[in-house]
Amino acid sequence: MKTVEKRIRECVAKGNKAFIPYMMAGDGGLDSLKDKLLFLEECGATAIEIGIPFSDPVADGEVIQRAGERALADGVTLRKVLDELVRFKGEVSVPLIIMTYLNPILAYGINSFIERCEKIGIGGLIIPDLPLEEDGLLRNGLEGTDIALIPLVSLTSSLERIVNIAKQAEGFIYAVTVNGITGVRNEFEDKLSAHLKRVKEESSVPVLAGFGISTSQQVEQLGAQADGVIVGSAIVDALHRDDLEVIRGLMRTCTMEINNSATS
Amino acid sequence: MAIELKKGRYGKFGGQYVPETLMTALIELEEAYGTAKSDPAFHKELDYYLRDFVGRENPLYFAERLTAKIGGAKIFLKREDLNHTGAHKINNSLGQALLAIRMGKRKIVAETGAGQHGVATATACALFGLDCVVFMGKEDIRRQELNVFRMELLGAKVVSVDKGSGTLKDAVNEALRYWVANVEDTHYILGSALGPHPFPEIVRDFQRVIGVETRRQIVEKEGRLPDAVVACIGGGSNAIGMFHPFIEDEGVALFGVEAAGSGISTGLHAAAIADGREGVLHGAYMYVLQDEDGFIKEAHSISAGLDYPAVGPEHCHLHEIGRVKYSSVTDAEALEGLKLLSKTEGIIPALESAHAIHFAAELAKEMDKDEIIVVCLSGRGDKDMQTVREAIGGVVE
């Protein structure tokens, strides 16, 4: 079992829900990366997803696109983010998950990229444009490492696909909660509950819900149906506005469930 | 880099590098296309519209004055510019619209660069009563104002994309995002031989009619196959449609012409085979214009239809195995090609096709008078008049 999965299981075993915040590396300057990671850790993050800016982020909505554009304008690249992470390796103790589109990895070189990630102690990779059909590209190189190749399942995934994805899944399954790109949503489709239930039944690794989750209420609602949640745009936006209270509030919701279950 | 070969691959190129949300739609599309392909009723319906609505087959025209002026090989033009809507794009839009209807999808999304594919798709949607949304880069909307108006007249909704360079690649990004969000009732009519499997194959098959007709027509006229076939390449749909029926004919040299913009050495061009590296963009492994960090570069060309930073996967493979020779023509040379054809033949070509014309004219000089070149005249130049007038300062020499 890879470390990311272990940490999520520990969290769930305590009656909590896993909370994975997403941040865009280099938005607000790469030199603030360490402080932001430490802040998210201190707020109780189970793991942290670090987004790498890309010129053509087709799976991302407005908020993350804009954050990526700010980082790109600052000259942030995959290489620079990894260099920065090496500098304070070991100081952040929660697992770090890199979310990047495939092409920057290809440009870096798959083997060099994996080696570098191992050296830094990266806990997982999320690559939104690498579906099951193509993921052999990285899966082979990741064998024997502690880096989990975290798959996504979507509302449109057929049962057959969910079963096949679950078979290969490492770390956790990232259950996409909307048909669409990342970003704030007001409500979720009715069929979401049934979908999450089905994914959980098929999966031997934890299932975390993500995409469109932005309020404490949604964190609570989806957290109840999954092993935890991933929050992206709302965190990116709050970090950009330097509104740290919003982040504390969102994260508290996940740990509050212990208190709820303790008193009930 | 070792890349596993499988379905949807052209050598190592192609594949399906898309978000999971789209996978089911791609699998459905592959199945629906497979069924349609082997259904005579589907072909009958498509042939009917290609004949009575598009005006096929269009002529293979002997450009006699152009040939005489150059004094080399005989030049024939495949007149895709005479199609309804003025370019080859309608062949694919009609085919995919019929496919969408078979899949029970009555909403269409498309991207467009020059506007030709947008107009063709809006036309097909009007013909069949489908809803149509077209994403178009802000810069292209400026360059192709009239095509925007045309699409709106046809009942399509045109959405301006101001992200990135505001050109075709950014319009594809937005169309993909829209498709991800509306995948259950919407079909994406991709306009070039690009994108995730099965799009490159579908687009090629619907454009193959160009090469199939050309092959028959040249044999009728000259009693033999041509020595050379020339087509321009942005994503590569007219070229792959023209080349594909000739690939097994070893005696036929195939030439793809990329847009060299201000010149390859300036970096301001759209020549992904000449100057790109292997990478992934919009769902496929291809030659892509990119920097050392894997960020996609903006493409530059006077012709909005060639302004794309990659080349479809099958072309990448044909380049790698050496079956097609790819070269490039600059903005200035394309303008020369446009003026040359206008004056010698009374045909104003689209700026895209003008790249192929210029290349063919140069090639003809090196060839004997009894040799034959066929050029795919992929579109007409009406849409480009504003751009051409600006580029030559309004003065025709």
Side-chain angles (χ1 to χ4, degrees), chain A residues 52-62 65-66 69 72 75-80 100-111 113 127-137 140-141 151-158 160-162 165 174-176 178-183 189 211, chain B residues 1-9 14-28 163-165 169-170 172-186 195-197 277-286 288-298 309-310:
Chain A
I52 308 294
F54 184 52
S55 53
D56 295 80
V58 292
D60 285 308
E62 199 71 22
Q65 280 181 48
R66 295 297 177 214
E69 280 169 19
L72 287 176
V76 176
T77 63
L78 175 59
R79 187 172 299 277
K80 286 184 185 168
T100 175
Y101 291 87
L102 180 60
N103 204 51
I105 298 180
L106 296 178
Y108 197 100
I110 291 175
N111 294 337
F113 172 72
I127 305 168
D129 54 354
L130 195 71
L132 184 67
E133 279 74 1
E134 307 288 354
D135 74 4
L137 203 56
N140 305 336
L152 292 99
V153 298
S154 78
L155 286 167
T156 58
S157 306
S158 62
E160 187 192 349
R161 289 188 68 77
I162 293 173
I165 291 168
Y174 190 139
V176 176
V178 292
N179 281 342
I181 49 182
T182 59
E189 286 191 50
F211 273 40
Chain B
M1 182 189 315
I3 293 205
E4 204 185 321
L5 297 185
K6 52 188 133 179
K7 160 188 92 157
R9 292 281 176 180
Q16 291 180 307
Y17 300 93
V18 294
E20 171 61 21
T21 309
L22 291 182
M23 279 310 301
T24 297
L26 291 178
I27 292 165
E28 272 171 22
K163 287 164 188 144
S165 51
K169 118 180 141 70
D170 310 288
V172 176
N173 288 341
E174 280 306 297
L176 281 170
R177 288 183 186 117
Y178 181 91
W179 196 31
V180 170
N182 297 280
V183 64
E184 280 164 313
D185 63 357
T186 302
H197 173 72
R277 280 186 296 116
E278 292 170 22
V280 164
L281 178 65
H282 299 147
Y285 191 77
M286 314 177 273
V288 182
L289 294 177
Q290 55 180 311
D291 67 15
E292 59 184 17
D293 293 299
F295 297 147
I296 312 305
K297 284 192 199 168
E298 291 176 19

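Note on naming: letters A, B, ... go to the chains in the order of the sequence lines (proteins, then strands), and numbering restarts at 1 for each one. Here the structure is a predicted model, which means the values were calculated and not measured.
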Against chain B, label [X] side chain, backbone, both or neither, depending on which of its atoms sit under 4.5 Å from a heavy atom there.
| X | answer |
| --- | --- |
| Leu72(A) | side chain |
| Glu62(A) | side chain |
| Asp60(A) | backbone |
| Ile105(A) | neither |
| Phe54(A) | both |
| Pro128(A) | backbone |

Could you tell me if the side chain of [Y] sits less than 4.5 Å from the side chain of [X], heavy atoms only?
| X | Y | value |
| --- | --- | --- |
| Leu132(A) | Met23(B) | no |
| Val280(B) | Tyr101(A) | no |
| Glu133(A) | Ile27(B) | yes |
| Leu137(A) | Tyr285(B) | no |
| Arg177(B) | Pro57(A) | yes |
| Val176(A) | Glu20(B) | no |

Interface residue of largest heavy-atom contact number with chain A, from Gly294(B), Ala25(B), Gly283(B), under 4.5 Å: Gly294(B)
So, does [X] use its side chain to make a donor-acceptor pair with the main chain of [Y] at under 3.5 Å?
| X | Y | answer |
| --- | --- | --- |
| Asn173(B) | Val58(A) | no |
| Glu134(A) | Gln16(B) | yes |
| Thr24(B) | Thr156(A) | yes |
| Ser55(A) | Ile296(B) | yes |

With rounding to the nearest 0.5 angstrom, report the [atom1] to [atom2] distance, [X] to [Y].
| X | Y | atom1 | atom2 | answer |
| --- | --- | --- | --- | --- |
| Arg277(B) | Leu106(A) | CZ | CG | 10.0 Å |
| Thr21(B) | Leu155(A) | OG1 | CG | 7.5 Å |
| Phe295(B) | Ile52(A) | CZ | CD1 | 8.5 Å |

Heavy-atom pairs under 4.5 Å with chain B are the metric here; pick the option from Ala59(A), Pro53(A), Ser154(A) that has the most. Ser154(A)
Return the option, out of Val153(A), Leu130(A), Asp56(A), with the maximum number of heavy-atom pairs under 4.5 Å with chain B. Asp56(A)
I'd like to know if Arg79(A) and Glu292(B) make a salt bridge, using a cut-off of under 4.0 Å between side-chain N and carboxylate O. no
Considering all heavy atoms of both residues, which atom of Gly279(B) and which atom of Asn103(A) are nearest to each other, and what is their separation? CA-OD1, 3.1 Å
